[in-house]
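As a basis for the values below, the full set of heavy atoms in this structure was taken, side chains included, without hydrogen atoms, waters or symmetry mates. Owing to the predicted nature of the structure, the values given are computational and were not obtained by experimental measurement.
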Amino acid sequence: MITAILIDDEPKALGTLKNKIKKHCPNIQIIAESQSPTEAIKLIKSLKPQLIFLDIAMPEMSGFDVLDQIENPDFEIIFATAFDNYAIQAIEHCAIGYLVKPIDNDELVKTVAKATENVLEKSALAKNKLLIENLSVKKFQDKKVIIPTQEGLEFIAISEIVHCEGTDGYTRIHINERKPLLSSNSIGHFSKMFDKHDFYLVHKSHLINLNYIERYLNEGYVLIQKKHIPVSRNRRNDFLNMLKNK
């Protein structure tokens with residue numbers, strides 16, 4: 001059994017989540033619940049749960065603020081949020097689970113199953129600390145991202161990612177002055193994550209960091225660290241216009 005605390009300032013949302021967990025996630029033992037972030041911090045410190053379900057938007061303090069108040073947040077988190085691009089993006093970068101309200105039963109089961117795996121891996125502390133660190137960084141390229149690999153989790157500064165190359169459903173991450181990493185996530189995952197932040201999908205298999213472009217060649221290639229990366233014919237005009245306006 002995985003011990004869990006539920007935190008949401010809305011009584012109805014809290015009750016719904018509790019019922020869904022009891023019905024669909026029999027491996028979760030709810031040891032406490034709270035509508036008050038201040039009370040929740042005390043509960044977390046005293047009960048030391050393995051997992052918390054944490055609402056982000058609360059009037060007293062946000063879910064992120066609650067996390068920031070815990071000295072060593074070594075528990076798995078599943079954030080609950082209304083659709084909020086900024087919050088979801090920050091969470092995804094750190095490989096932390098989240099559920100969008102209203103909570104879908106299948107998504108709940110899938111997210112809880114992943115959190116259960118993560119409890120066994122004991123990687124929560126590093127991920128939670130990275131989230132707190134990233135939230136204090138204003139410039140996107142100064143943030144870090146977690147990249148799952150076959151060996152575990154890699155913490156990489158976004159500014160160091162030169163080029164993402166899709167290959168057979170995986171992604172090879174080319175990193176400045178380091179050997180590439182092979183991620184189990186698809187190129188689409190990284191394209192969505194880095195969208196509109198100095199990255200551009202020049203080809204269905206190639207996502208580049210614009211800060212590393214050395215030259216555009218009329219044959220339809222960009223030159224990055226001595227590599228010729230193809231630009232799809234149907235994306236060239238948009239790509240060139242974007243470069244001119246950058």
Quick one: pull up [atom1] in [X] and [atom2] in [Y] and give me the separation to the nearest 0.5 Å.
X	Y	atom1	atom2	value
Asn128	Asp68	CG	CG	11.5 Å
Leu47	Ile31	CG	CD1	4.5 Å
Lys101	Ile56	NZ	CD1	9.0 Å
Cys94	Ile146	SG	CD1	5.0 Å
Ile77	Ile44	CD1	CD1	8.0 Å
Ile91	Leu131	CD1	CG	7.0 Å

Assess the side chains of [X] and [Y]: does a donor N or O sit below 3.5 Å from an acceptor N or O?
X	Y	answer
Asn19	Thr16	no
Thr3	Gln29	no
His174	Glu165	yes
Lys144	Asn134	no
Asp55	Thr81	no
Asp198	Tyr212	no
Asn211	Asn209	yes

Less than 4.0 angstrom from a charged side-chain N to a carboxylate O is my criterion; do [X] and [Y] meet it?
X	Y	answer
Glu160	Arg178	no
Glu133	Lys143	no
Glu71	Lys129	no
Lys110	Glu107	yes

- Query: Taking all atoms of both residues into account, what is the closest heavy-atom pair of Lys127 and Ala95, and its distance?
  - Reply: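 Lys127 and Ala95 have their closest heavy atoms at NZ-O, 3.4 Å.
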- Query: Under a 4.5 Å cut-off applied to non-hydrogen side-chain atoms, are Ile158 and Asp142 in contact?
  - Reply: no
- Does Thr171 reach the main-chain N or O of Ser186 with its side chain, forming a donor-acceptor pair under 3.5 Å? yes
- So, for His93 and Phe140, is the gap between ring centers shorter than 6.0 Å? yes
- Query: Centres of the Phe79 and Tyr98 rings: under 6.0 Å?
  - Reply: no
